[in-house]
Structures are given as C-alpha cells and as structure tokens.
Amino acid sequence: MATLEDLSKCVISGNVAKAKKLTQELIDAGVAPLDIINQGLIAGMNVVGVRFKNGEMFVPEVMVAAKAMSQGIEMVKPLIAETDMPSEGKVLLGTVKGDLHDIGKNLVGIMLESRGFTVIDIGIDRSPEDFIKAIKEHQPDIMGMSALLTTTMLHMKDTIELMKEEGLGHVKAIVGGAPISQDFADEVGADGYAPDAASAVDLCKSLLGK
Ligand code: B1M
C-alpha cells in the first residue's frame with residue numbers, strides 16, 4: 001500500500017500523475033484527509049521550499065511540484081469540512097499596476113498555501129484602487145505586492161498610502177520582487193520585505209506572531 005512518505009516523495013519529484021494515483025489510494029485506504037494533506041502533500045512541498053531557498057531546485061521544478069501538491073489537495077478537499085481546515089492566516093497577493101510579471105508572485109502564493117495560509121490572488125496589473133477594493137471584500141491579515149520593474153515598484157507607495165487613507169492600516173503590507181530591497185520597503189512604509197518565496201512565508205508568520 002502507498003504510504004504518506006511515498007506521496008511526499010512524489011510531490012518533491014513533481015510526478016503529478018503518480019501523486020494523484022497515490023492520493024486516491026490513500027483516500028481509499030481510509031487515511032485521514034488532513035494527514036494526506038499535511039504529512040504527504042504539504043510535507044513534500046516543505047522540502048521543495050527549503051531546496052528552492054538553498055538553490056538546489058529551480059523555478060520549473062518548483063512549479064511542477066506545486067502542481068502535484070495542489071492537484072492532490074483538490075482531490076482531498078471535498079472530504080474535509082471547511083471548519084476543520086486550519087488556516088495560518090489570510091494573505092491577499094497581487095502584482096502592481098503596469099506590471100505583468102507573475103511567476104515570483106505565484107511562487108510566493110504556492111509557498112504560503114503549502115504552509116497553511118489562505119491565499120487570495122488578485123492577479124497582475126492591479127491599481128491601488130483594485131487592492132483596496134479586494135482588501136475590503138476579502139478582509140485579509142496581510143496584503144502583499146509584487147513588482148519586477150523599476151518603473152512600477154513606485155505604485156507600492158501609492159497603495160500603502162491609500163490603505164491608510166481608507167482606514168485599512170491594520171492590514172499588514174508586505175512587498176517583494178527583484179528590484180525591491182529592505183530600504184525601499186522602509187521608504188514606502190511597508191511592514192515587511194522578503195527577498196524570496198520561502199522568506200515570505202517566514203515574514204508572514206512573524207508578522208502574525210506565529
Ligand atoms: Co520582464 N523584465 N519585461 N518579462 N522579465 C525583467 C524583470 C528584467 C529585469 C529583464 C532585464 O531587462 N534584464 C526587466 C526589468 C528592468 C527593470 O525594470 N529594471 C524586464 C523588462 C524590461 C520587461 C519588459 C518591459 C520588456 C519589454 O517588453 N520591453 C516587459 C514589461 C511587461 C510589463 O510587465 N508591463 C517584460 C515582459 C516580460 C514577460 C511577459 C516576457 C515575462 C513575464 C512572464 C510572467 O511573469 N508571466 C518576463 C520575464 C520572465 C522576465 C525575467 C526574465 C524573469 C522574471 C521572473 O519570473 N523571475 C526578468 C529578468 C530576471 O529577473 N532575471 C525580467 C523568476 C521569479 C521566480 O523571480 O519574480 O524575482 P522573481 O520573484 C522572486 C523574488 O523576487 C520574490 O520571490 C520570488 C521567488 O523567490 N518575490 C516576492 C517576488 N514577488 C514577491 C512578493 C513578496 C515577497 C517576495 O511579497 C508580496
């Protein structure tokens with residue numbers, strides 16, 4: 001019979017078809033849905049996160065591993081009552097206005113989801129007003145902006161200022177992307193900056209006191 005460790009290894013190697021097959025076998029064998037998620041699918045993705053951070057795995061491999069994990073989670077999710085699925089917190093993510101780059105943002109979302117956060121991704125080319133509307137609608141704990149262009153990163157400041165004007169200062173604002181630095185984050189009044197996806201998870205945890 002398939003084990004949770006087999007499933008975890010399948011996620012690490014990015015074998016989507018086998019991950020789905022093993023997930024089904026574990027479901028059929030009566031393994032608890034949350035164990036399949038936490039000790040199988042997410043355990044594998046946690047290893048991927050560490051290897052990515054250490055430069056031992058690269059973007060395409062992380063993307064396939066994430067696909068294996070998320071397809072498995074989709075199979076198990078219907079078996080779990082919404083209230084039983086613990087969440088570390090809700091993070092709203094988007095790429096700023098005028099910017100179409102989303103690979104890094106998507107990786108941040110994947111890593112956050114794999115560590116138990118609920119992620120609302122509002123996509124690319126999002127204006128300060130788009131962020132505000134989405135924050136009001138989804139009530140996240142943290143709002144994260146990504147920018148890859150030196151021209152578009154300036155919109156981060158506008159969004160953070162508008163958040164304050166709209167009385168949304170209690171929502172933590174974090175920023176990231178290749179041209180962003182800790183100095184820039186401080187300058188625009190962000191609550192935090194992360195240089196990569198794995199650090200973004202650590203940052204979100206620390207901002208929420210976890
Ligand atoms: Co463009 N591009 N691009 N591009 N592109 C860059 C960014 C560039 C550095 C290339 C270069 O010239 N060397 C340059 C920017 C120069 C600058 O501003 N200083 C550039 C340019 C100029 C452009 C265009 C203007 C080109 C043109 O049309 N003339 C154009 C702009 C379009 C637009 O956005 N309006 C453009 C277009 C594109 C494509 C559409 C072709 C494609 C994007 C596809 C997509 O995203 N779906 C693309 C790509 C792929 C790149 C490069 C090659 C790779 C970016 C990437 O995905 N990296 C890039 C060069 C480079 O960076 N080497 C380049 C991998 C990704 C995992 O890393 O996004 O940094 P990154 O994310 C990391 C961290 O930064 C961090 O975690 C991630 C994972 O570790 N992170 C966060 C990211 N967001 C975070 C948010 C957080 C926390 C951490 O909290 C919220």
Side-chain angles (χ1 to χ4, degrees), residues 14 45-67 69-70 88-128 130-132 134-135 138-163 168-208 210:
M45 201 61 201
N46 284 344
V47 174
V48 172
V50 173
R51 291 190 185 168
F52 179 57
K53 194 173 182 179
N54 294 339
E56 294 159 12
M57 278 179 87
F58 301 98
V59 174
E61 297 162 292
V62 176
M63 293 299 206
V64 205
K67 192 172 173 194
M69 176 198 71
S70 53
E88 290 283 330
K90 197 189 274 188
V91 184
L92 185 129
L93 286 179
T95 298
V96 300
K97 186 176 163 184
D99 203 319
L100 308 178
H101 296 85
D102 67 356
I103 298 169
K105 166 184 68 64
N106 295 346
L107 273 176
V108 171
I110 287 165
M111 293 290 177
L112 283 168
E113 272 185 345
S114 75
R115 296 290 295 277
F117 283 87
T118 304
V119 174
I120 312 287
D121 188 335
I122 62 168
I124 53 174
D125 190 16
R126 294 296 171 225
S127 67
D130 292 334
F131 275 98
I132 301 306
I135 293 170
H138 298 286
Q139 310 271 327
D141 304 297
I142 297 175
M143 180 281 300
M145 287 180 284
S146 181
L148 265 287
L149 299 173
T150 45
T151 45
T152 59
M153 62 197 263
L154 305 170
H155 295 305
M156 290 175 161
K157 187 165 196 256
D158 305 334
T159 305
I160 292 172
E161 279 174 0
L162 192 56
M163 273 174 75
L168 298 168
H170 58 281
V171 177
K172 304 282 183 201
I174 65 165
V175 291
I180 311 300
S181 62
Q182 182 64 57
D183 283 351
F184 179 78
D186 294 341
E187 211 178 291
V188 298
D191 296 293
Y193 155 73
D196 56 60
S199 314
V201 176
D202 297 338
L203 174 63
C204 289
K205 285 192 164 222
S206 84
L207 283 173
L208 299 183
K210 308 209 174 212

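Because the structure is predicted, anything quoted here is derived from the model rather than measured. When reading the values below, keep in mind they use all heavy atoms of this one structure, side chains included, and skip hydrogens, waters and symmetry mates. Whatever order the structure lists them in is the order used to number ligands and atoms, beginning at 1.
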Quick one: which ligand 1 atoms are inside 4.0 Å of a heavy atom on [X]?
| X | value |
| --- | --- |
| Asp99 | 34 (O) |
| Asp196 | 76 (C), 77 (O), 80 (O) |
| Gly144 | 91 (C) |
| Met145 | 86 (C), 91 (C) |

With the threshold set strictly below 4.0 angstrom, can you tell me whether any protein non-hydrogen atom sits that near [atom]?
| atom | value |
| --- | --- |
| atom 70 (O) of ligand 1 | yes |
| atom 76 (C) of ligand 1 | yes |
| atom 9 (C) of ligand 1 | no |
| atom 88 (C) of ligand 1 | yes |
| atom 60 (C) of ligand 1 | no |
| atom 53 (C) of ligand 1 | no |
| atom 81 (N) of ligand 1 | yes |

Please determine whether any non-hydrogen atom of [X] lies less than 4.0 Å from an atom of ligand 1.
| X | value |
| --- | --- |
| Pro179 | no |
| Ala147 | no |
| Phe52 | yes |

Next item on the list: Please name the pair of heavy atoms, one in Thr152 and one in Ala147, separated by the smallest distance, quoted to 0.1 Å.
Entry: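 Closest heavy-atom pair between Thr152 and Ala147: OG1-CB, 4.0 Å.
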Among all protein heavy atoms, pick the one closest to [atom] and tell me residue, atom and distance.
| atom | value |
| --- | --- |
| atom 35 (N) of ligand 1 | Gly98 O, 2.9 Å |
| atom 84 (N) of ligand 1 | Ser146 OG, 2.7 Å |
| atom 55 (C) of ligand 1 | Leu148 CD1, 4.2 Å |
| atom 73 (C) of ligand 1 | Gly104 CA, 4.2 Å |

Do [X] and ligand 1 have an N or O pair less than 3.5 Å apart?
| X | value |
| --- | --- |
| Ala197 | yes |
| Ala200 | no |
| Thr151 | no |

Pick whichever of [options] has a heavy atom sitting closest to [atom].
| atom | options | result |
| --- | --- | --- |
| atom 1 (Co) of ligand 1 | Met143, His101, Met63 | His101 |
| atom 46 (O) of ligand 1 | Asp102, Val108, Ile124, Ile142 | Asp102 |
| atom 20 (C) of ligand 1 | Leu93, Leu149, Thr150 | Leu149 |
| atom 74 (C) of ligand 1 | Ser199, Pro195, Gly176 | Pro195 |
| atom 50 (C) of ligand 1 | Leu112, Leu100, Thr152, Ile103 | Ile103 |

Check: Is there a donor in the side chain of Asp130 and an acceptor in the side chain of Ser127, or the other way round, less than 3.5 Å apart?
Finding: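 Their side chains do contain a donor-acceptor pair, which is all the 3.5 Å distance test asks for.
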Check: Backbone N or O of Ile174 within a donor-acceptor pair of the Asp191 side chain at under 3.5 Å?
Finding: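 Looks like no, no N/O pair under 3.5 Å.
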Next item on the list: Spell out, as yes or no, whether a donor-acceptor pair under 3.5 Å connects the side chain of Tyr193 to the backbone of Ile180.
Entry: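 Pair found, side chain donor or acceptor close to backbone of Ile180.
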Next item on the list: Give a yes or no on whether Lys157 atom NZ has more than 12 heavy-atom contacts from other residues, nucleotides or ligands under 6.0 Å away.
Entry: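 No, because the 6.0 Å sphere around NZ of Lys157 holds 12 heavy atoms or fewer from other groups.
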Notebook entry, point to check: Would you call Asp196 and Lys53 a salt bridge, using N to O less than 4.0 angstrom?
Noted result: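 Between Lys53 and Asp196 there is no salt bridge, as every charged N stays at least 4.0 Å from the carboxylate O atoms.
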Checklist line | ligand 1 contact on Leu107 by region, counting heavy-atom pairs under 4.0 Å | finding: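 Contact part for Leu107 vs ligand 1: side chain (C-beta onward).
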Next item on the list: Mind checking whether Val59 contacts ligand 1 via backbone (N, CA, C, O), side chain (CB onward), both or neither, at a 4.0 Å heavy-atom cut-off?
Entry: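 The answer is the side chain of Val59.
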Next item on the list: State, yes or no, whether a side-chain contact exists between Ile160 and Met145 at a heavy-atom distance under 4.5 Å.
Entry: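 Side chain of Ile160 against side chain of Met145, heavy atoms only: contact under 4.5 Å found.
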